[in-house]
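Have a look at the structure below before the remarks.
First the proteins, then the strands, lettered A, B, ... as listed; each starts at 1.
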Amino acid sequence: MRDRIVRLLVATLAAFLLALPVASLRGNSSTGFTIVWTPAFVTAAMVLVGGAILFAAVEAQRRGTAFWDARAATDSAVGRRRPCAAQAWTLGVLVATVAALPLLGLPGAWTKLLLETMVFATIAVGLQITIGMAGLLVLGHAAFWAVGAYTFGLLTVHQGWNFWIAFPAAGVAAALTGLVIGLPALRLRGDYLAVVTLGFGEAVRWVIKNEQDVTGGDANLPGNIVPGSFRKPMGALGEWLWQPAAVDGRTFEPGTVQALIDRECYWFALVLLVVCVACVHLLAKSRVGRALFALREDETAAKCMGIDTTRVKLVAFMASALWAGLAGVVPAVHRGSINPEMFDFNTSVLFVAMVVLGGLGSITGSIVGAALLWMLPALLANWFPEVQEYRYLFFGALMAAMMVVRPEGLFGGARRKGAA
Amino acid sequence: MTPLLECRSVTKRFGGLAAVDDVSCVVEEGSVTAVIGPNGAGKTTFFNCVSSIYPATSGEVRFEGVDVTRLAPHVVTRLGIARTFQNIRLFRGMSALENVITARHCRTKAGVVASLLRLPSQRREEAESEAIARELLAFVGVAKWADSAAGSLPYGDQRRLEIARALATEPSLLLLDEPAAGMNPRESQDLVELIRRISKRGLTVLLIEHHMKVVMGISTHIVVLDHGVKIADGTPEAVRNDSKVIEAYLGKEDVT
């Protein structure tokens, strides 16, 4: 009983924290995130929170578990299945509502924050494939993100490639990098693998820093290369080229071009996230996904059940890196500049934290984890500038509390080693 | 006729210790062969060599005439050797049904792309795997646990689930490592019944077992190991009366 109350509290807190930023969507982009209630946003917030509750309730009904049991809303390894019609509709409404937010006059600061959150959510969901499903701890995931972003940047800026060719190329480059790092890492497990991937992540960052002629080094890509065309709105996405923020001495006027770009990138990131979630969900339910879960549960047994663990691990590395690479395109386009410090070790750790906080193997959890770990610090820093210095303390406490209360993560299944 | 499984001078050394020392034996198709011996006799190590978890230091394991000594475990499984484990090694966090479906891996082929696009061939394969898995769960008698986490099943049923999982790989040779360990007399009687039914399905069974009742009840052939060395090999009657076997189990007769 006590266990349930704790879970109820945690779930409520999570829901509250999620609803908070959504319910307060009104602000001046120049002064940050202020809270002003408007009918449109209150409605949107109610739809989002209501939808989430409905989804969880239907899921609880299907599983026959208590509604407040956070596991009820999850998709962990046990009994993963297709959403029923009611859930599919709910999900549709949720996504549509999120997509409609910019049209309701979402301020720039919020658009940016949500956009970044969706990028991180995409990466975290992709990282579930290696950490959550296959149980391989990867501590250098930011490197794949960097490979995607730089591949995209270099191809569009130096080579003048079309967006729609450079975008998949970024994903492919990251996936191939995943293969390259996966090969030597195959024989390693647990801590050793973590150390190797950590080293790899740092190596990639230092290559980017040192190869100044190509990447611009510590200065942003692309150094002084300026393509001729102006960055175009969504209608002409086909000709959309990456470009630095200032062209020919002109700067973007706040609220006009920048707002357009924010909005395009927002929708692009949303579509990417939805596709990523769909793919990872289908993967998890598939033959390959089961092999990955089996690998996590017991590698020896998996081998003896006919699973080629070498191959499956490589698939995990590549698939996971692919999503990070694709997600790397968004900041490159949106910020108009990328630099190696965006992809440092802290970022890799942040990704792992998102996955662990959300719960291993849970897609819902990764998204919630990304939202909590990316939005909360930004909002807190904005609303309470004086506590910003303590945010690592805050996160340390949060993670420690999580490990005590729910070691399996917010949405993780009740999987504990040695559970009878 | 070539025997289903033939081991020639199989030896496995861990440093100076020969856990399995020059063991040769054959397992005839359709037989139920038991490997017995005191604790530490090298029975599980022998199994690990046959299923290629680690390759034999020297010697040769031939399955259906093919040398499988140094093949990867998953290749050996695909060729038709499946096994269970002495310490149950289920995929604990996955449901019982998923455990069995997972073992269909080497008999199915839907790749990542087919799965993401949910191609008709992939759906058909999934449906087929699930049907086979449910049939196997019913066959070993754990159908009611299909949707429960494997780790939460009662002990005896976990052992049965492991057998169902091994059967899902469509083996022709099934290795059972102490399937009756920790079972009460009634459960082990049920297990003997289950092994008989498996044998009737046309599978050859090779099992390690301590329960003499189980061993004598079902085996057609017995191999006895002691300190890594094969000390006897024959029908249950012959083995039961073998002086070396009696000595290994009960100690040397003191004749003074």
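When the heavy atoms of residues 172-182 of chain A are compared with those of chain B, none of the residues falls under 4.5 Å.
With a threshold of 4.5 angstrom between heavy atoms, B:E125 approaches chain A through side-chain atoms but not through N, CA, C or O. Residue B:I101 touches chain A through both its backbone and its side chain, counting heavy-atom pairs closer than 4.5 Å. Heavy atoms closer than 4.5 Å to chain A are found in the side chain of B:I53, but not in its backbone. Residue A:A302 touches chain B through both its backbone and its side chain, counting heavy-atom pairs closer than 4.5 Å. Interface residue B:A103: backbone and side-chain heavy atoms are both found under 4.5 Å from chain A.
Inter-residue side-chain proximity for B:R118 and A:L282 is flagged as met; some heavy-atom pair is nearer than 4.5 Å. Looking only at side-chain heavy atoms (C-beta outward), B:F85 and A:D298 stay at 4.5 Å or farther from each other.
Contact count against chain A (heavy-atom pairs under 4.5 Å) is highest for B:R165 among B:R165, B:R107, B:R78, B:R83. Of the listed residues A:V288, A:L283, A:T300, A:I307, the one with more heavy-atom pairs under 4.5 angstrom with chain B than any other is A:I307.
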Report task. Run the numbers on B:T169 and A:M305 for side-chain contact (heavy atoms from CB on, under 4.5 Å), then give the verdict. Result -> CA-CA 7 Å; B:T169 65; A:M305 294 307 127; 4.2 Å; yes
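A:K303 contributes atom NZ, which lies 13.5 Å from atom NE2 of B:H105 (distance to the nearest 0.5 angstrom). Taking CZ from B:F91 and CZ from A:R290, the interatomic distance works out to 11.5 Å, rounded to the nearest 0.5 Å. One distance of note links CD of A:E297 with CZ of B:R89; it measures 12.0 Å at 0.5 Å rounding. For the atom pair CG (A:L295) and OG1 (B:T102), the distance works out to 11.5 Å, reported to the nearest 0.5 Å.
Atom CZ of B:R197 sits in a crowded spot, with more than 12 heavy atoms from other residues, nucleotides or ligands closer than 6.0 Å. Residue-environment remark: CG (B:N184) exceeds the threshold of 12 foreign heavy atoms within 6.0 Å. B:Y155 OH: more than 12 foreign heavy atoms inside a 6.0 Å radius.
Of all heavy-atom pairs spanning B:C106 and A:G306, the tightest one is CB-O, 3.7 Å.
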